[in-house]
There are 2 protein chains.
Amino acid sequence: MPVARVRDQYHHGDLESALIATARKLTKRNGIEHLSLRKVAQEIGVSPSAAYHYFPDRDALMAAVGFSLFEELADYQERELAKITGITAKAAKERYRALGKTYFEWAIKEPHFFNLMFSEHCLVDSNSEQKREDNRAFINLTKCLDELVSTGALEERMRRHSELLSWTVVHGATSLIVSGHLDPENYESILDDLEFALGIRK
Amino acid sequence: MPVARVRDQYHHGDLESALIATARKLTKRNGIEHLSLRKVAQEIGVSPSAAYHYFPDRDALMAAVGFSLFEELADYQERELAKITGITAKAAKERYRALGKTYFEWAIKEPHFFNLMFSEHCLVDSNSEQKREDNRAFINLTKCLDELVSTGALEERMRRHSELLSWTVVHGATSLIVSGHLDPENYESILDDLEFALGIRK
DNA sequence: ACTACTATCTATACATTGTTCAGATAAAAG
DNA sequence: CTTTTATCTGAACAATGTATAGATAGTAGT
């Protein structure tokens, strides 16, 4: 299996990946609305019809991009979490905070990505591939909360109330800010409010 | 003399409203992605170019639809709030809950509307018309929280932490559920978690 | 009532888009 | 070397957003 590196070959070599990567690039620049299959093909140097051997339609390509972005986000979060070591309450709180901060900053940095991920293109049905990516993010949150409890930063009785609440607050604040309905400078104070309400010690 | 049927007239009479109303109808049925200016015009019985006398482009029409939906939602919320009378703690809690419930049910019932409202088409810049609609919803929340405090259902010290937190949780849960990343049956328990964390008495 | 004016809408045209399908080309299999 | 399969092209189609020039109707001024 020769890897085709030259663009003017008849067979591209790894067109599926190229399509996703290029669609990602154009989405990043122009947003979902202005992503055109033909421009993706043109950018790669391939005919518009070629894409249809890998994706049934434009929506499927966009969904593929969206799902790959969930992986990217989870990777990024895990890298950032790994930077914070220690089993103290302080470290646990930093990790908990980092989990939300990475989510928020990812969205602020690439709003077009965030919009794609939570658009109708990436609508998740119950037992799809994507649910596992959600699980991955959720498991990270679960671990963070467990650490908060075990280090004494979070009371045991608040533990079960914290999971969905944390996820919801972080996503909600991010969504409202990205869509312009809330000022970015409010993000930190909302997280403060959440930690205060959950009784996470300062 | 031509028959006085509204659609056969050269001048429509109130084309701007008709455009918004029809675009609303088609969006409700097919979603943002599949809304076409030409179909809107055809449905009204007018040429495609006619729309350009009222909206600079398709995006502007969609934005107009989106902003009108914010008004609709606020109207609906205020109607539902008005149904719950009394100045007891019980009534205050019901109104607080109703504020979130209407938001959630509105989105579940018409997900295409919700997606439009928080899409890039309705991106709100700081001093726009739309900010006032946000204010209207936020003022309702403010009043509900004040009532919770004055009836003794919410502690004074939690008051200032409750505003953005409540808004964020309700929107976040709704957004995650509409986009398929969270099961609808979780909504109530998330609200329970929030009320528990804020110390709102059962 | 006649004219000039303005607001409103149509007709036509164009580039771009998603998508289909028959066929070309290259790689793999025999 | 032939056959088969995977991969991509080319041309075509209908639909879309949008620009421009012109048609039509209501309105104001005389």
Side-chain angles (χ1 to χ4, degrees), chain A residues 1-27 29-66 112 116 119-121, chain B residues 1-27 29-66 112 116 119-121:
Chain A
M1 279 231 182
V3 178
R5 304 177 57 235
V6 194
R7 304 231 308 219
D8 38 308
Q9 287 181 348
Y10 197 97
H11 286 59
H12 177 276
D14 193 5
L15 185 54
E16 182 169 3
S17 310
L19 285 167
I20 295 180
T22 307
R24 198 201 101 110
K25 191 173 78 179
L26 295 187
T27 299
R29 190 181 306 157
N30 306 320
I32 330 172
E33 223 71 26
H34 302 94
L35 176 69
S36 116
L37 238 179
R38 293 180 100 108
K39 276 189 190 135
V40 171
Q42 191 181 11
E43 181 99 0
I44 301 177
V46 95
S47 100
S49 345
Y52 288 86
H53 282 264
Y54 301 97
F55 301 99
D57 53 24
R58 175 181 176 271
D59 285 349
L61 172 57
M62 300 188 54
V65 173
H112 291 143
L116 169 57
S119 74
E120 293 168 300
H121 297 96
Chain B
M1 186 169 102
V3 186
R5 292 171 71 93
V6 179
R7 307 192 12 178
D8 296 343
Q9 289 179 350
Y10 196 97
H11 287 59
H12 177 275
D14 193 4
L15 186 53
E16 181 168 4
S17 309
L19 285 167
I20 295 180
T22 307
R24 198 201 101 110
K25 191 173 77 179
L26 295 186
T27 300
R29 190 181 306 158
N30 306 319
I32 330 172
E33 222 73 23
H34 301 95
L35 176 69
S36 118
L37 237 178
R38 293 179 100 108
K39 277 188 190 138
V40 172
Q42 191 181 13
E43 180 99 1
I44 301 177
V46 97
S47 98
S49 344
Y52 287 84
H53 283 263
Y54 301 96
F55 301 99
D57 53 23
R58 174 181 176 271
D59 286 350
L61 173 57
M62 299 187 54
V65 173
H112 292 141
L116 169 57
S119 73
E120 294 168 300
H121 297 96

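Numbered from 1 within each chain, the chains take letters A, B, ... in sequence-line order. Predicted model only: the values in this text are computed from it and were never measured.
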Completion exercise
Comparing nearest nucleotides in DNA chain D, the 5'-proximal residue of the pair B/Asp59, B/His53 is B/Asp59
Problem - Residue pair A/Ala41 / A/Pro48: nearest heavy atoms and the distance that separates them - result: CB-CA, 3.8 Å
Exercise for the section: Send over the distance from B/Phe55 CZ to C/dT8 C1', rounded to a whole Å. Expected result: 15 Å
Practice task
Answer yes if the side chains of B/Glu120 and A/His112 hold a donor-acceptor pair under 3.5 Å, and no otherwise.
Solution key: yes
Fill in the blank from the handout: From CG of B/Leu35 across to C1' of D/dG17 the rounded distance in Å is 12 Å
Practice task
Starting from C1' on D/dG17, measure out to CD on B/Glu33 and report it in whole angstrom.
Solution key: 15 Å
Practice task
Taking all non-hydrogen atoms of both residues into account, name the closest pair between B/Thr27 and B/Ile32 and its distance.
Solution key: CG2-N, 4.2 Å
Fill in the blank from the handout: Minimal heavy-atom distance between B/Asp57 and B/Tyr52, with the atoms involved, is CA-CE2, 4.1 Å
Fill in the blank from the handout: Quick note, A/Ser36 side chain, CB onward, closest among C/dT8, D/dG17, C/dG18 is C/dG18
Problem - Distance below 4.0 Å between B/Arg38 side-chain N/O and D/dT16 OP1 or OP2 - result: no
Completion exercise
Here the distance between atom P of C/dA11 and atom OH of B/Tyr52, to the nearest Å, is 17 Å
Practice task
May I have the distance from B/Ile32 (atom CD1) to D/dT16 (atom P), rounded to whole angstrom?
Solution key: 17 Å
Handout entry: Of B/Ile20, B/Leu19, B/Val65, the residue whose pairing with B/Val40 passes side-chain contact (heavy atoms from CB on, under 4.5 Å)
Key = B/Leu19
Problem - B/Ala50 side-chain proximity, nearest of D/dT18, D/dC8, C/dT10 - result: C/dT10
Practice task
Whole angstrom is fine here: how far is it from CG in B/Leu15 over to P in D/dG26?
Solution key: 15 Å
Problem - Under-4.0 Å side-chain N/O to phosphate OP1/OP2 contact, A/Ser49 with D/dC8 - result: no
Problem - Atom pair distance, as rounded to whole Å: NE2 in A/His121 and P in C/dG18 - result: 11 Å
Problem - Selected nucleotide, minimal atom distance to B/Leu37 side chain, candidates C/dT17, D/dT9, D/dT18 - result: D/dT18
Handout entry: N/O (side chain, B/Tyr54) to phosphate O (OP1/OP2, C/dC9) under 4.0 Å
Key = yes
Exercise for the section: Would you kindly give the CG-to-P distance between B/Leu61 and D/dG17, to the nearest whole Å? Expected result: 10 Å
